[in-house]
Amino acid sequence: MRLAWLLYRVSGRLKRRIGEAGRVSYSQCGEDMIARFVFDTLKLAKPSYLDIGAHHPSYLNNTRTFYEAGSSGVNIEPDPDLHARFVSERPRDMNLNIGIGIGDQAGELDFFVMSARTLNTFSAEEAQAAASNGRARIERTLKLPVRPVNEVLQAHFADAAPDFLSLDVEGLDLAILRALDFKRWRPKVVCVETIVYSAGREGRQVDGIEQHLLDCGYFVYADTHINKLFVDKAVW
């Protein structure tokens with residue numbers, strides 16, 4: 001009887017830790033679970049997604065949990081090695097080995113592959129800053145194709161906007177948001193990295209991201225200190 005009671009207590013604690021539905025978070029700070037709660041509230045079981053700067057098919061990934069629940073979407077990952085993992089592990093998704101240009105920019109740009117792959121970037125300024133303060137070193141520079149964000153949306157979401165936009169591109173997030181035509185494509189939930197990295201952990205936020213999304217009709221639903229989640233007011 002005592003063993004059965006102990007097993008009951010342990011199972012109860014595990015359920016509270018991972019959730020009654022057994023959901024597991026793949027995000028850095030549980031952002032996917034927050035987004036999942038919003039979509040559950042909106043009664044949307046399988047939200048579509050556009051993951052810009054997807055990085056890895058599961059590690060620190062904001063869309064993996066939706067993929068496992070039967071959703072599909074578009075992952076944009078410029079790093080050829082990381083993109084290959086998406087092709088292998090996320091075959092139901094459209095996986096694009098490109099970057100997103102600034103504004104209407106198309107063609108090719110220098111892509112800086114860092115020793116810490118989470119810091120890969122098209123921004124020379126971000127790459128040099130990471131290298132100079134010892135966060136990572138620049139392993140190589142590749143010429144990679146870039147396409148405008150609205151062109152990608154037109155090609156893959158012509159009928160309706162993705163329900164979820166996840167954006168993490170190391171220094172170029174605001175520029176992409178400013179280029180995105182929110183009048184035509186309005187994700188219900190937007191998750192974007194809003195913190196400026198600092199070795200001293202000052203926690204300074206990127207100027208302009210929150211205000212731009214507020215101006216576009218979104219509100220801040222959650223802030224994990226590293227990322228903010230915004231929800232479309234009209235949908236909510």
Side-chain angles (χ1 to χ4, degrees), residues 25-39 47 49-56 59-66 73 75-78 99-103 112 114 116-130 133 135-136 149-150 152-153 161-182 185-236:
S25 174
Y26 295 95
S27 295
Q28 188 169 8
C29 300
E31 290 85 356
D32 52 356
M33 293 294 98
I34 298 171
R36 177 72 273 174
F37 179 82
V38 173
F39 288 122
Y49 47 81
L50 172 60
D51 194 343
I52 302 176
H55 175 60
H56 188 280
Y59 177 64
L60 300 182
N61 185 275
N62 290 333
T63 59
R64 176 73 188 209
T65 189
F66 300 109
N75 301 306
I76 294 179
E77 178 46 57
I100 295 298
I102 305 306
F112 300 91
M114 311 298 290
R117 295 298 178 92
T118 54
L119 300 177
N120 288 352
T121 180
F122 281 100
S123 169
E125 181 181 356
E126 287 288 321
Q128 293 296 340
N133 63 26
R135 293 165 62 195
V149 63
N150 294 316
V152 171
L153 286 163
D163 298 306
F164 183 37
L165 170 62
S166 177
L167 179 59
D168 184 354
V169 291
E170 299 304 318
L172 300 175
D173 307 87
L174 179 57
I176 291 173
L177 288 172
R178 283 175 171 166
L180 199 157
D181 184 356
F182 280 100
W185 291 287
R186 293 187 65 80
K188 295 176 178 64
V189 180
V190 176
C191 179
V192 57
E193 186 178 54
T194 55
I195 199 170
V196 177
Y197 176 85
S198 169
R201 299 183 180 179
E202 286 86 358
R204 183 172 70 82
Q205 296 289 294
V206 178
D207 293 332
I209 289 180
E210 180 175 334
Q211 189 58 55
H212 180 71
L213 285 167
L214 294 178
D215 292 342
C216 289
Y218 288 77
F219 70 95
V220 179
Y221 184 85
D223 183 353
T224 67
H225 188 62
I226 295 173
N227 299 281
K228 285 186 181 179
L229 288 97
F230 300 83
V231 176
D232 184 356
K233 286 182 180 179
V235 170
W236 191 252

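- Minimum heavy-atom separation, Asp163 to Phe39: O-CZ, 3.6 Å.
- Between Trp185 and Asn150 there is a side-chain heavy-atom pair separated by less than 4.5 Å.
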Practice prompt. Give the intermediate values and the outcome of side chain to side chain contact (heavy atoms under 4.5 Å, CB included) for residues Leu60 and Tyr26.
Written response: CA-CA 6 Å; Leu60 300 182; Tyr26 295 95; over 6 Å; no
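- Looking only at side-chain heavy atoms (C-beta outward), Leu165 and Tyr49 stay at 4.5 Å or farther from each other.
- Residues Ile226 and Cys29 share a closest heavy-atom pair of CD1-SG, 3.8 Å.
- Atom CG in Asp215 sits 10.5 Å away from atom CD in Glu210 (nearest 0.5 Å).
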Worksheet entry | Test log, rule side chain to side chain contact (heavy atoms under 4.5 Å, CB included), inputs Tyr218 and Val189 | CA-CA 9 Å; Tyr218 288 77; Val189 180; over 6 Å; no
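- If you run side-chain contact (heavy atoms from CB on, under 4.5 Å) between Ile76 and each of Val149, Asp51, Val152, only Val152 comes through.
- In this structure, Asp32 contributes its side chain and Thr65 its backbone to no donor-acceptor pair below 3.5 Å.
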Item to complete: Test side-chain hydrogen bond (donor to acceptor under 3.5 Å, both in side chains) on Asn61 and Thr63 and set out the steps.
Response: CA-CA 6 Å; Asn61 185 275; Thr63 59; 3.0 Å; yes
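- Residues Phe164 and Asn62 are in side-chain contact: their nearest non-hydrogen atoms beyond the backbone lie under 4.5 Å apart.
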Discussion item. Could you walk me through whether Glu31 and Asn227 satisfy the side-chain hydrogen bond (donor to acceptor under 3.5 Å, both in side chains) test, starting with their C-alpha distance in whole Å, then the side-chain angles of each, then the deciding distance to 0.1 Å, before giving a yes or no?
Written reply: CA-CA 8 Å; Glu31 290 85 356; Asn227 299 281; 2.9 Å; yes
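- Taking 4.5 Å as the limit, every side-chain heavy atom of Trp236 sits out of range of all side-chain heavy atoms of Lys188.
- Heavy atoms only, all atoms of each residue included: Leu153 and Pro162 are closest at CD2-CD, 3.6 Å.
- Ionic pairing of Asp232 and Arg186 is present here: one or more N-O contacts between side-chain nitrogen and carboxylate oxygen are shorter than 4.0 angstrom.
- Between Cys216 and Leu180, the closest side-chain pair of non-hydrogen atoms is not below 4.5 Å.
- Scanning both residues, Leu214 and Val220, for their nearest heavy atoms gives CD2-N, 4.4 Å.
- Around CZ of Phe37, the count of heavy atoms belonging to other residues, nucleotides or ligands within 6.0 Å does not exceed 12.
- Nearest heavy-atom pair across Lys228 and Thr194 is CG-OG1, 3.6 Å.
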Item to complete: Would you please test Val190 and Val231 for side chain to side chain contact (heavy atoms under 4.5 Å, CB included) and show each step?
Response: CA-CA 6 Å; Val190 176; Val231 176; over 6 Å; no
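- When side chains are defined from C-beta on, Arg64 does not count as touching Tyr59, because their heavy atoms never get closer than 4.5 Å.
- One distance of note links CD of Gln28 with SG of Cys191; it measures 10.0 Å at 0.5 Å rounding.
- Ile52 has its side chain out of reach of Asp168: every pair of non-hydrogen atoms, C-beta onward, lies at least 4.5 Å apart.
- A heavy-atom distance below 4.5 Å is found between the side chains of Ile176 and Val169.
- Within the 3.5 Å criterion, the main-chain N or O of Leu177 finds a donor-acceptor partner in the side chain of His212.
- Note that CG of Asn75 and CG of Leu50 are 8.5 Å apart. Values are rounded to the nearest 0.5 Å.
- In this structure, Pro78 and Gly99 approach most closely via the heavy-atom pair CG-CA, 4.1 Å.
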